[in-house]
There are 2 protein chains.
Amino acid sequence: MYHSAAIMTPDPQHPWPVAPAGGETRVLRPHAHLFYAGDEATHFFEILQGAVRSCKLFADGRRQIVAFGFTGDIVGFGHGETYRFDCDALAETRVRVIARSELMRAVRARPELGERLLEIAAGEVATMQDLSILLCRKTALERIATFLVAMAERHRGNAVGTRTPLPMGRADIGDFLGLTIETVSRTMTRLRALRIIDLPDRGGFAVRDMAALRGVAECEEYLH
Amino acid sequence: MYHSAAIMTPDPQHPWPVAPAGGETRVLRPHAHLFYAGDEATHFFEILQGAVRSCKLFADGRRQIVAFGFTGDIVGFGHGETYRFDCDALAETRVRVIARSELMRAVRARPELGERLLEIAAGEVATMQDLSILLCRKTALERIATFLVAMAERHRGNAVGTRTPLPMGRADIGDFLGLTIETVSRTMTRLRALRIIDLPDRGGFAVRDMAALRGVAECEEYLH
DNA sequence: CGGTGTGTTGAGGCACATCAAGCCAGGTGG
DNA sequence: CCACCTGGCTTGATGTGCCTCAACACACCG
């Protein structure tokens, strides 16, 4: 029961404390899988470049994307015997492979690492709680706005007007936010019509009015 | 950023490894708060008897119950400076108080405790992911069924026909599952009409057909 | 008795899903 | 070069599940 394949985003101020600088790296083509649900959880993966998605599939075809992972994230931080979710690459992706046993050895040798990992895990819980709230209480407009704010913040050049890439398709965004592709599309169009974002091309967006976007994301009822 | 006040449910097979057998206990009347969002997170609390709810409040009045805590659960396992959520008692509740510093000291002395805590934290992440899926992808009927299955399983005497108490009100269930009280009420009534559960009184329910309840919870489309 | 808080039931509306076209860019082959 | 296909995205029309608003039932309590 106690395992997870969530994506951990280290605090930029306290970078991931363990990942060895060396170590094996692996290159994934788009749609290549890092692991499947049920696989033995022997490794973590640090994303050096590219992007991945972690998703759960249901018997009836429904799909929930649990998290996206970008450069600097760690995926597969699952502490049970098996991964809980599938994880595959959105684009060409380079990862560093970290053996679980190696990390555990390091924790035993330096207990402060364990403390740090606990903090990271707690942060992950917090992230998931925020996601629950997002999915539960927010409208489509608020969800998309929240997602775009998060994406823009992650992206280095998140100055207003700068293009932020969206390496995932509309279907992925929908399956992450609990919306259909049509609603994702319509809502993005609506944000553009409100002059809050630009949609210069398919694979990206640009924020025109960050304050307004945050306002929508935070449920301020700017818009009736 | 890295903190959380989620409720941790230890695996019954590997009970919580740290809580000292002795230690201060505290008794809470209904609606008495264990802590508030923003308070300095100096303690954890092991619930010895009773039930609590952990919830996040929004400026616009919306409320999300993040978790319920029952006998044996640990609340306030948050690793930042402050709690992220309010936590208060649903009924008269007895808790054991555990100082954060004490736990951290124990982790430093015995690194295997840290590993165990990491597993618990990972389990908590998994629980939250399941909750996301619940809130995102399931219908009202599926949500209520999932909730009732979980409640029946927690309760010792969960044999078919046995009453399981529901110490929280309809509003709490609604704020946990992302539904209104009316929908909660209607959906429970519907499950009774389907002869899957009984509703002998306000504060409890009994499962008449566990297989059917699980079927509904697992999105099997028994009911068009 | 009325007052209050909680739960149930009913009528109607709205946000998002569903179903269905159509658009556009990229690729392929003649 | 154009004709054609394909996959992802957008846009429109309609349906529906849950929310909203409203009334009522019931227990508890002064």
Side-chain angles (χ1 to χ4, degrees), chain A residues 30-31 53 58 60-64 90-91 134-148 165-194 197-205 216 219 221 223-224, chain B residues 30-31 53 58 60-64 90-91 134-148 165-194 197-205 216 219 221 223-224:
Chain A
H31 303 121
R53 65 183 171 196
F58 292 84
D60 62 2
R62 283 187 280 193
R63 190 178 70 149
Q64 171 68 34
L90 288 165
L134 169 77
L135 294 175
C136 186
R137 297 249 101 90
K138 292 193 181 183
T139 65
L141 196 67
E142 290 164 347
R143 291 182 206 192
I144 294 287
T146 305
F147 176 72
L148 294 180
L166 288 176
M168 69 294 289
R170 298 290 190 264
D172 293 322
I173 298 173
D175 284 342
F176 181 60
L177 297 176
L179 301 169
T180 59
I181 51 172
E182 293 95 329
T183 301
V184 171
S185 181
R186 269 187 260 266
T187 307
M188 303 257 286
T189 303
R190 198 168 149 206
L191 285 170
R192 186 186 52 187
L194 290 165
I197 63 168
D198 276 328
L199 296 171
D201 58 87
R202 297 212 152 164
F205 72 101
V216 176
C219 319
E221 317 215 352
L223 323 150
H224 45 279
Chain B
H31 303 119
R53 65 182 172 196
F58 291 84
D60 62 2
R62 285 187 278 193
R63 190 179 69 148
Q64 170 68 34
L90 288 164
L134 169 77
L135 294 175
C136 185
R137 296 253 101 95
K138 292 193 179 184
T139 65
L141 195 67
E142 290 165 347
R143 291 182 207 193
I144 294 288
T146 305
F147 177 72
L148 294 180
L166 288 177
M168 70 293 291
R170 297 290 189 266
D172 293 322
I173 298 173
D175 284 342
F176 181 60
L177 297 176
L179 302 168
T180 59
I181 52 173
E182 294 96 327
T183 301
V184 172
S185 180
R186 271 187 259 267
T187 307
M188 303 258 286
T189 303
R190 197 168 150 206
L191 284 170
R192 187 186 52 187
L194 290 163
I197 61 168
D198 276 328
L199 295 171
D201 58 87
R202 295 210 154 166
F205 72 102
V216 176
C219 319
E221 318 211 356
L223 323 151
H224 44 278

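By convention in this document, chain letters (A, B, ...) are assigned in the order of the sequence lines, proteins followed by strands, and residues within each chain are numbered from 1.
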Nucleotide [N], atom [atom2] - distance to [atom1] of [X] in whole Å:
X	N	atom1	atom2	result
B:D172	C:dG5	CG	P	16 Å
B:L166	C:dG7	CG	P	10 Å
B:R190	C:dT9	CZ	C1'	15 Å
B:L135	D:dC18	CG	C1'	14 Å
A:I144	D:dT10	CD1	C1'	14 Å
A:L179	D:dC9	CG	P	15 Å
A:R192	D:dC9	CZ	C1'	11 Å
B:E182	D:dA23	CD	P	14 Å

Please give me the minimum heavy-atom distance between B:C136 and A:Q64, naming the atom from each residue. SG-OE1, 3.2 Å
Might you point out which heavy atoms bring A:L135 and A:R143 nearest each other, and give the distance in Å? O-NH2, 3.1 Å
Minimum-distance nucleotide (side-chain atoms of [X] versus [options]):
X	options	value
B:R202	C:dT8, D:dC19, C:dG7	C:dG7
B:T189	C:dC24, D:dT11, C:dT8	C:dT8
A:R170	C:dC16, D:dC19, D:dT10	D:dT10

Salt bridge or not between A:R63 and A:D172? Use side-chain N to carboxylate O under 4.0 Å. yes
Treating A:R192 as the side-chain partner and A:L199 as the backbone partner, does any N or O pair qualify as donor plus acceptor under 3.5 Å? no
Describe the nucleic acid contact of B:I181 in one word from base, sugar-phosphate, nothing, applying a heavy-atom distance below 4.0 Å. nothing
Once you apply a heavy-atom cut-off of 4.0 Å, does B:G178 come out as touching a base, just sugar-phosphate, or nothing? sugar-phosphate
Closest to the 5' end of DNA chain C, once A:R186 and B:A171 are matched to their nearest nucleotides, is B:A171
Return the 5'-most residue of the pair A:T183, B:M188 with respect to DNA chain C, ranking by each residue's nearest nucleotide. B:M188
Distance test, side-chain N/O of A:T139 to OP1/OP2 of C:dA15, below 4.0 Å: no
Looking at CD1 of A:I173 and OG of A:S185, how far apart are the two atoms once the value is rounded to the nearest 0.5 Å? 10.0 Å
